[in-house]
Structure formats: C-alpha cells, structure tokens
Amino acid sequence: MTDKPPPPTPYSERPEWSDVTPLAQYEKANPLAPILYTEEYKDATGYLRAVVQSGEKSERVLQLTEHVIRLNPAHYSAWQYRYETVVALDWPLDVEMTLMDELADKFLKTYQVWHHRRLLIMCIGLSAAGRELGYIKQILAQDEKNYHTWSHRQWLLAFFNDEGLWAGELDFIDTMVNRDLRNNSAWHHRFFVVFQSGVREGEEDRERIVRRELVYVKQHISLAPNNASAWNYLRGLLDFNKLPLATITPFVKLYTAPLPAAAKDIVDVDNPPPGQGAELPCVAAVEFLADIREEERNVDEAETLWRSLADELDTIRKKYWEYRIAQARSV
Amino acid sequence: MTSFPKFSRIGHAGHVNRCLTGLPASQVEAESTRMAVGFYCLGTLDLLGALDSKTTDTDRKNFREWIWEQQTHGPNGSGFRPSPFATPDSLSEQPYGAYNGPHLVMTYTALLTLAILRDDFLRLDRKGLIKFMRSCQKEDGSFSIVPGFGESDLRTIYCAFSICHMLEDWSGIDVPRALNYIETCRSYEGGYGQNSFCEASGGPTYIALASIHLARPSSPLTAGQRSRSIHWLIHNQHSSGGFRGRTGKEADACYSFWCGASLKILDAEDLVDSNAQFIASCQFKYGGIAKTPGHDPDPYHTYLSIAALSLYPPHVPDDESTAVLQSWKFGGLDPLLNATTETVAWIRAHVPSSTTGQEPQ
Ligand SMILES: [Zn+2]
C-alpha cells in the first residue's frame with residue numbers, strides 16, 4: 001500500500017484518444033491561489049474539457065470521468081457530465097452502483113459521491129433502497145458519526161417513505177447505540193424515525209410510543225448517566241409531545257445526588273437508578289431538575305441548583321447559569 | 001504560573017499569503033472551491049488589518065481582475081465560477097455552457113472578496129445575478145449550487161439570502177419557501193441540520209440563524225425556539241473553551257465561529273466564555289491555525305478562528321507584555337455577513353442596485 005502505482009499512460013499517447021485534441025484550462029497570468037496540478041491531472045482534465053465541449057457521451061468518457069473523479073472527487077462538473085453520460089448511454093445502473101460503493105467508501109467526506117448515489121437511486125427506484133440501507137450500515141460501521149452517510153440515510157427513508165424500509169430502523173439504531181451509547185447521530189436518527197417522519201402502521205397509539213421511548217432513554221441514561229445525547233433526546237421527547245418536564249421528576253432526582261446503597265436494589269422500570277460507579281451528581285440531571293423547578297415556579301430551589309452548576313459542577317457555563325437565574329428572577 | 005500565549009499575527013498572515021501564491025497538488029480538491037480559498041485567505045488579512053501591509057496595490061488589482069474573470073454570463077443569468085477549472089482557454093469570453101457556469105456559493109464568496117479588496121463593483125451584472133439565483137431555487141425552497149444540478153442544502157440558502165441582502169433586492173427569490181425549507185432542518189436539540197431532518201450541527205445552525213435574521217429580522221424565532229437554540233449552542237462549549245459542532249464530538253476551532261457567531265446573532269454573546277486559549281493552542285508554530293492542536297493549519301480554520309476572536313476578543317491580563325496585549329486586538333465583525341465592519345460598510349456603499357447608474361441591460 002505504500003508504493004503508488006505509476007501514473008497511467010497519458011491520454012496524449014493513447015491511440016484510442018488520438019481523435020481528440022485536449023483543451024487547456026483558461027488561467028490568467030496572476031491567478032488567485034493556483035493549484036500546482038500534477039501532469040496526470042492536467043492531461044486528464046484537458047481531455048475532459050474537450051469531450052464536454054464536443055458533447056461526446058461514450059464508454060470512454062465514463063472511463064475518463066472516473067479517472068478525473070479519482071484524482072479529484074470534488075470535481076462537480078466531472079460528476080455532472082458522468083451522470084448525464086450514464087443516462088445517455090443507458091449504462092447498467094447496477095454496474096455504476098458497484099463502482100460507487102468503492103468510491104463512496106474511499107471519498108466518504110465528499111458531497112459529490114453521495115449526490116451521485118442519490119441520482120442513481122432515484123433512477124433505479126425503490127428496488128435500490130433496501131440494498132442502500134445495507135450499504136449505509138456497512139459504511140457507518142467504520143465511521144459511526146459520518147454526517148454525509150447519516151444524511152443520506154435520512155434522505156433515503158424520507159424520499160421513499162416505504163413501510164418496508166422503515167421497519168428495520170429501530171433495530172438498526174439499537175445496534176448503533178449499543179456500540180456507542182454516546183453516538184448523537186444515532187440518537188438523532190431515532191428521533192427522526194420515531195417522531196419526525198409521520199405515524200406508521202402499528203404506531204398509532206402515541207401514548208404507548210411515548211412510554212416506550214421514555215423507558216428506552218431512561219434505561220440508557222442509567223447505563224451512562226453523563227450522556228448529553230440521551231438527555232437531549234429526553235428533552236426533545238417531552239417537548240415534542242407537549243409533556244411537562246415534571247413528568248420525570250422522580251427519575252431525574254435519582255441522578256442529582258449520590259444514592260443510598262439500599263435504594264439501588266429496588267427495580268422500577270420507570271425509574272431505573274444509576275449503575276454502580278456512576279459519577280454523581282450528574283450535571284445534566286441537576287440542570288434538568290432546575291428546569292423542572294423553574295417550570296413549577298419554585299425559583300428558589302431552581303436558583304440553588306443553577307448556583308451549584310455555576311460555582312462547581314459546570315463552571316465553563318457560569319455566565320449561562322447566572323443568566324438563567326436572572327431570567328427566572330425577572331419573571 | 002503560565003502566562004497568556006501570544007497570538008502569532010505575522011505567522012498567520014504568512015500562512016494565508018503562501019496559500020494565495022499557490023497550493024500543492026495534494027490540495028487539488030480545492031479547485032472547485034478556489035474562490036472560497038481566496039476569500040478565507042484575503043479575509044484573514046482583512047481581519048488582521050494586514051491587507052495593505054502584506055499585499056501591494058498591484059497584487060490587489062490582480063486579485064480583483066482574476067475574480068472578475070470568473071464572472072460569467074449565460075442563459076441562467078450571471079454569477080461567478082469557482083475558478084476556470086472547467087473552462088477551456090478558447091472559450092473564456094463566450095457565454096458559459098452547461099458545465100462551466102456560475103456557482104452560487106462561489107458567487108457569494110466572490111462578492112465578499114471583492115469588497116475586501118475595495119472594488120468599485122461597476123462591473124457587477126446585478127440583473128443577471130438576480131436571474132441566476134432564481135434559476136438555482138428548487139421546488140422545496142432550497143437552492144442547488146449550479147442551476148438544475150448539484151447538491152442543495154442550507155449553505156446555498158444562506159448564500160442567496162446574503163447576496164439579496166448585499167444587493168438590497170430580494171425580488172429574485174421565493175423567501176417564504178426558502179424559510180420553510182430552513183424550518184424542516186430544525187432539530188429537537190435546538191440546532192439545525194444541513195438538510196431536512198438531519199442532525200443539528202454548528203455550521204448549518206449558523207447558516208440557518210443568519211439566514212432567518214437576514215430575511216426576517218423583526219420576528220426571527222419564537223421565544224421558545226430561541227432559548228432552546230441558546231441551550232444547545234452554549235452546551236457545545238467544551239471545558240477547554242473550544243466549541244464542538246455536534247453533541248458529544250470533540251472541540252474544533254471552526255466551531256468557535258459557527259457557534260460563537262450564532263450566539264452573537266441570538267444576542268447571547270454575554271453568555272460565552274472565552275475561547276481564546278483553545279484557539280491559541282491550535283496555532284501552528286510556523287503560522288496558520290488548525291482545527292485541533294497538532295493538526296495541519298488551513299485557511300478555513302485560520303479565517304474562522306480569527307473571525308471568532310473578533311467577536312469574542314479575550315480579556316488579556318493587564319500585566320502581560322505589550323506585545324502579547326497587542327497581539328490579541330481585533331476589529332469588529334458583522335456576524336450576519338461574516339465580514340469586518342469596514343468591509344460591510346463598503347458593501348452597503350457599493351453593491352446595492354441603487355448605488356450605480358451603470359446597470360448592464
Ligand atoms: Zn473545523
């Protein structure tokens with residue numbers, strides 16, 4: 001893997017390209033931030049400009065655009081021309097997808113690879129979507145928080161909005177959350193699937209869904225109390241369903257102070273206690289309790305909690321906690 | 001006792017100046033966004049107040065000429081290319097074709113850069129620009145980077161809104177539809193994602209908040225939305241002083257701007273703790289600022305870090321040396337347009353349609 005393969009034969013020396021005259025890039029004498037191109041790149045893009053100019057759409061153009069894309073995956077014009085060539089040639093889309101599997105993996109952080117996939121999937125239709133979910137899962141196994149990959153999944157699900165596609169999402173999220181309890185992308189995806197994307201068959205009983213989600217998020221907080229993603233999910237869940245924060249006061253209080261050892265043996269599904277060795281008090285719980293007290297107009301207690309955040313537990317946000325005190329006092 | 005570090009102004013100016021002169025082959029991916037690289041480099045010099053000392057009149061004239069060379073006209077209106085990368089030498093004077101037209105994000109950065117270079121904007125095709133933005137807007141209210149092709153996300157909405165704001169002419173685009181799109185990007189966490197239903201992230205959140213405030217300054221957010229956004233943003237500040245872009249991620253220098261400017265837009269700048277120590281730790285010893293300590297610097301993180309420092313200049317202890325104190329002095333920054341106060345004043349005086357009698361027909 002350390003040795004780079006030698007550059008391919010320049011297009012200018014390939015007999016099969018002898019009918020094309022490359023077109024040099026226009027560049028003024030005093031360019032801004034010029035790029036010192038490699039000879040290989042200059043050669044390939046010279047031919048790309050030429051075929052774009054002549055309007056040629058052929059198999060060799062697919063090879064050429066692939067070459068340019070491998071050298072510069074952000075070359076959006078090469079991608080655009082490639083896509084239009086694929087369409088014009090009626091090129092087998094499964095072949096193109098196989099190539100894209102390799103390129104997306106390689107250039108994970110480039111917009112264009114995902115955009116091209118999206119265009120292909122829209123051409124193929126629903127039959128491509130199941131395979132795509134599998135592919136995304138595989139990519140996320142290597143880079144669990146990759147933004148483009150998660151966005152692509154959200155787009156895919158929303159675009160097809162197909163019961164069959166949605167069906168496996170909660171299991172998939174479970175896998176991701178179990179691998180890393182603090183993967184905010186996975187928590188976000190759960191919120192999208194459960195609340196933000198409409199009500200699906202079997203999920204019409206929203207009270208049941210809310211109960212299920214409360215149990216889920218509380219269990220995960222009990223496993224790792226200092227997990228901002230889970231606490232944010234909990235806040236989002238209450239807010240979205242217009243439930244008061246005080247819905248979960250008994251649960252939150254378990255996390256605001258070290259627990260007597262005996263209390264840990266009581267099994268209560270609605271109020272799972274923090275596990276052994278949990279770092280308490282949990283900052284997010286103290287904050288949550290302060291918000292509950294503010295909601296209940298118990299400003300004195302809220303202030304005491306905010307004070308402890310400002311002075312000891314979360315000093316980087318001292319100014320914020322003091323602002324919260326002032327706000328609550330001014331009402 | 002550790003003393004306050006010095007901010008290496010000269011080193012950072014040197015870093016961006018080197019990039020303006022040329023980028024190595026390994027950075028070939030920058031060629032489809034070269035206009036933005038130019039903006040980050042010249043913007044850095046502008047923020048440091050070093051444009052006049054680090055570049056000559058001739059340099060600045062050449063930069064302006066190069067940017068105007070990228071203005072191109074055609075069936076979808078006028079705008080700026082990222083660079084000549086898709087344009088053959090023989091066709092440079094002709095109307096653009098289907099694959100070498102203007103790019104919406106690059107058009108926004110071109111206008112800002114021309115203002116940084118104090119261009120008179122007499123050559124700006126304003127009518128063409130309005131037509132171009134219209135041709136990029138899609139059904140769902142978002143904009144594609146080039147008409148009819150390419151990805152669309154919140155960045156392009158912000159660029160279109162900024163251009164309308166600079167021109168003081170919003171007639172070319174459907175603002176309510178674009179605002180609806182932004183709403184679909186709002187997340188339960190209080191931030192915004194890059195596209196509909198995506199995870200809240202610092203960059204898109206800045207983009208969304210700035211866009212909403214540009215388009216609807218009198219009623220940008222509900223009180224509840226505002227406090228949830230502040231909550232999420234302020235919780236992104238890490239104990240190191242740096243900001244992270246998403247819940248649970250590590251701090252990265254660029255988010256000092258994206259999150260810090262968002263809080264400024266929300267009128268909550270008093271709640272932010274200093275992030276100068278974190279940015280100081282991201283300085284590369286030979287100049288430039290990296291995303292995290294120990295990484296390679298780049299113009300993007302250099303510019304955004306200094307923009308963040310301009311919004312949140314640190315309180316350097318008085319007993320530090322004059323050299324240290326002076327190194328942390330910055331001018332004002334407009335958080336909505338992301339340019340210095342002076343550059344924004346230049347834009348107001350020269351970009352709006354009403355400021356020139358030389359409108360191309
Ligand atoms: Zn960054």
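Every chain is numbered from 1, with letters handed out A, B, ... down the list of sequences.
Relative ring orientation between B:Phe149 and A:Tyr83 is described as tilted, the plane-to-plane angle lying within the 30° to 60° band.
For the options B:Gln194, B:Gln27, B:Met35, B:Arg18, heavy-atom pairs under 4.5 Å to chain A are most numerous at B:Gln194. Chain B forms the most heavy-atom pairs under 4.5 Å with one residue out of A:Asn183, A:Leu36, A:Leu23, and that residue is A:Leu36.
For A:Trp150, the side-chain hydrogen bond (donor to acceptor under 3.5 Å, both in side chains) test picks out no residue, with sequence neighbours left out. Under the side-chain hydrogen bond (donor to acceptor under 3.5 Å, both in side chains) criterion, B:Tyr192 pairs with B:Arg186, not counting sequence neighbours.
Contact of the A:Gln154 side chain with the B:Asn195 side chain is not registered, since no non-hydrogen atoms from C-beta on lie closer than 4.5 Å. At a threshold of 4.5 Å between non-hydrogen side-chain atoms, the residues A:Tyr147 and B:Cys198 count as touching. Within the 4.5 Å cutoff, side-chain heavy atoms of A:Ser185 are placed close to those of B:Arg246. At a threshold of 4.5 Å between non-hydrogen side-chain atoms, the residues A:Asn72 and B:Glu31 count as touching.
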*Please assess B:Glu199 against A:Asn184 for the test side chain to side chain contact (heavy atoms under 4.5 Å, CB included), listing each intermediate value before the final yes or no.*
CA-CA 8 Å; B:Glu199 183 186 358; A:Asn184 196 60; 2.9 Å; yes
*Step by step, work out the side chain to side chain contact (heavy atoms under 4.5 Å, CB included) result for B:Asp273 and A:Lys318.*
CA-CA 8 Å; B:Asp273 204 323; A:Lys318 187 180 180 68; 5.9 Å; no
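Ring-centre distance between A:Tyr76 and B:Phe85: below the 6.0 Å cut-off.
Contacts between A:Thr110 and chain B at a heavy-atom distance below 4.5 Å involve the side chain alone, from C-beta outward. For A:Trp187, the parts sitting under 4.5 Å from any heavy atom of chain B are the backbone and the side chain alike. Of the atoms belonging to B:Asp270, it is backbone heavy atoms, and not side-chain ones, that fall under 4.5 Å from chain A. At a 4.5 Å heavy-atom cutoff, B:Cys41 makes no contact with chain A through either its backbone or its side chain.
A donor-acceptor pair is defined here as one N or O able to donate and one able to accept, closer than 3.5 Å; no such pair exists between the side chain of B:Thr87 and the backbone of A:Tyr26. No donor-acceptor distance shorter than 3.5 angstrom exists from the side chain of A:Arg235 to the backbone of B:Arg228, with no hydrogens or angles considered. Looking at B:Tyr188, its side chain never comes within 3.5 Å of a backbone N or O of A:Phe195 through a donor-acceptor pair.
When all heavy atoms are compared, the tightest approach of A:Leu71 to B:Val28 is O-CG1, 3.4 Å.
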